[in-house]
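One structure is given below, encoded as structure tokens.
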Amino acid sequence: METNYKHTTVLLDEAVDALVIKSHGLYIDGTYGRGGHSKLILQRLGDMGQLVGIDKDPEAISHGEVIQKQDQRLTMYQGSFATIKQMTEEKNFLGLVDGVLLDLGVSSPQLDDAHRGFSFLRDGPLDMRMDPNSGVSAADWLAVAEEDEITDVLKRFGEEKFGKRIAKAIIEKRQSEVLTTTHQLVEIIDQAVPVKDKFKHPATRSFQGIRIFINDELSDLEKALDGILDILKPGGRLVIISFHSLEDRIVKRFIRKHVQGDNFPRGLPVTEAQMNKRLIAHGRAIKASKQQIDANPRARSAVMRIAEKIL
Ligand SMILES: C[S@@+](CC[C@H](N)C(=O)[O-])C[C@H]1O[C@@H](n2cnc3c(N)ncnc32)[C@H](O)[C@@H]1O
């Protein structure tokens with residue numbers, strides 16, 4: 001099913017500038033989406049440059065394949081960026097990559113297409129998988145999950161303070177009804193939430209929590225970071241745009257750890273080389289400007305961090 005749904009790219013120039021594109025370089029866009037960043041990277045690459053576009057979502061891949069047909073510098077790869085190291089190894093790119101970009105979370109086409117089940121505003125099948133051909137849909141998970149597990153997902157990933165009430169309501173409802181649609185879930189949440197936020201739809205946090213869980217978003221990020229230092233060449237850039245404080249915390253801690261290097265007991269005479277510092281951080285977190293947020297409210301929660309491999 002597709003789609004003329006558009007995605008407005010967040011921090012487009014800022015992210016591509018941060019990658020410092022070398023004309024002959026090799027870059028990976030780990031979250032191709034609708035190619036917003038990729039297209040600008042291709043514009044800045046020379047004839048010998050290469051770009052690998054990764055996405056879990058088959059619709060994102062189909063979009064990229066149209067461009068790939070006209071531009072052989074682009075290679076699309078369907079899968080999770082969690083496997084970025086294996087993928088790089090298979091292509092013999094290990095240690096040769098000049099820059100990796102991750103623009104995390106979901107794309108606007110995923111949210112806007114009711115059939116994907118990500119949206120609490122549009123009725124559709126309760127799916128929420130970025131790759132609808134693998135893993136467990138939100139409906140299948142909610143049909144069997146224990147109350148405590150649902151509570152934990154809503155609280156941890158959705159920061160939903162009424163997570164327990166909502167989980168209880170889901171368990172109760174599923175005794176009498178099979179939950180198959182987004183609207184069914186929205187109704188349950190709407191009735192379970194005792195105090196409504198003036199500025200937020202009552203299902204916002206729960207949908208976010210379930211989506212993050214269903215797509216393993218945080219563990220995929222951790223896995224990608226585990227391999228990133230082996231992928232990049234010295235001087236290679238890592239640029240990550242997060243939309244959730246839990247994602248940003250993972251990125252921030254990863255960068256800090258490798259900027260500081262190995263931990264040695266205080267007072268031990270260690271040389272700079274022995275510290276094994278692997279990264280330098282470029283600047284602090286970058287956020288979208290007011291103008292960008294006015295034009296694209298999704299940019300509101302974006303936080304971009306930039307690091308460079310030194311070793
Ligand atoms: C915010 S959008 C990227 C938009 C893109 N930068 C653009 O400008 O068109 C995020 C994309 O990353 C994909 N994605 C999220 N997590 C992923 C993962 N672990 N592995 C691969 N793709 C992922 C989603 O399917 C979605 O298409």
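Atoms within a ligand are numbered from 1 in the order they appear, just like the ligands themselves. In what follows, every heavy atom counts, from backbone to side chain, and hydrogens, waters and symmetry copies are set aside.
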Could you tell me which residues satisfy ring-ring contact (aromatic ring centres under 6.0 Å, His included) with His201, sequence neighbours excluded, listed by chain and number?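 For His201, the residues satisfying ring-ring contact (aromatic ring centres under 6.0 Å, His included) (neighbours in sequence not counted) are Phe120.
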
Who passes ring-ring contact (aromatic ring centres under 6.0 Å, His included) against Phe213, sequence neighbours left out?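 Phe213 satisfies ring-ring contact (aromatic ring centres under 6.0 Å, His included) with Trp141 once adjacent residues are dropped.
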
Got a sec, which residues hit salt bridge (Lys or Arg N to Asp or Glu O under 4.0 Å) with Lys173, two or more places apart in sequence or on another chain? Glu177

Table of N or O contacts for ligand 1, cutoff 3.5 Å:
from	atom 1	to	atom 2	distance (Å)
ligand 1	6 (N)	His37	ND1	2.9
ligand 1	6 (N)	Asp103	OD2	2.7
ligand 1	8 (O)	Thr9	OG1	2.6
ligand 1	8 (O)	Gly36	N	3.3
ligand 1	9 (O)	Tyr32	O	3.4
ligand 1	9 (O)	Arg34	N	2.9
ligand 1	9 (O)	Gly35	N	3.2
ligand 1	9 (O)	Gly36	N	3.0
ligand 1	19 (N)	Ser80	OG	3.3
ligand 1	19 (N)	Asp220	OD2	3.0
ligand 1	20 (N)	Phe81	N	2.9
ligand 1	22 (N)	Lys56	N	3.1
ligand 1	25 (O)	Asp55	OD1	2.6
ligand 1	25 (O)	Gln110	NE2	2.8
ligand 1	27 (O)	Asp55	OD1	3.3
ligand 1	27 (O)	Asp55	OD2	2.7

When the ring centroid of His63 is compared with that of Tyr32, is the distance short of 6.0 Å? yes

After noting the C-alpha distance and the side-chain angles of Gln86 and Thr83, does the key distance pass the side-chain hydrogen bond (donor to acceptor under 3.5 Å, both in side chains) rule? CA-CA 5 Å; Gln86 293 91 298; Thr83 65; 5.5 Å; no

Would a hydrophobic clustering, with Ile, Leu, Val, Met, Phe, Trp and Tyr connected at side-chain separations under 4.5 Å, put Ile306 with Val97? no

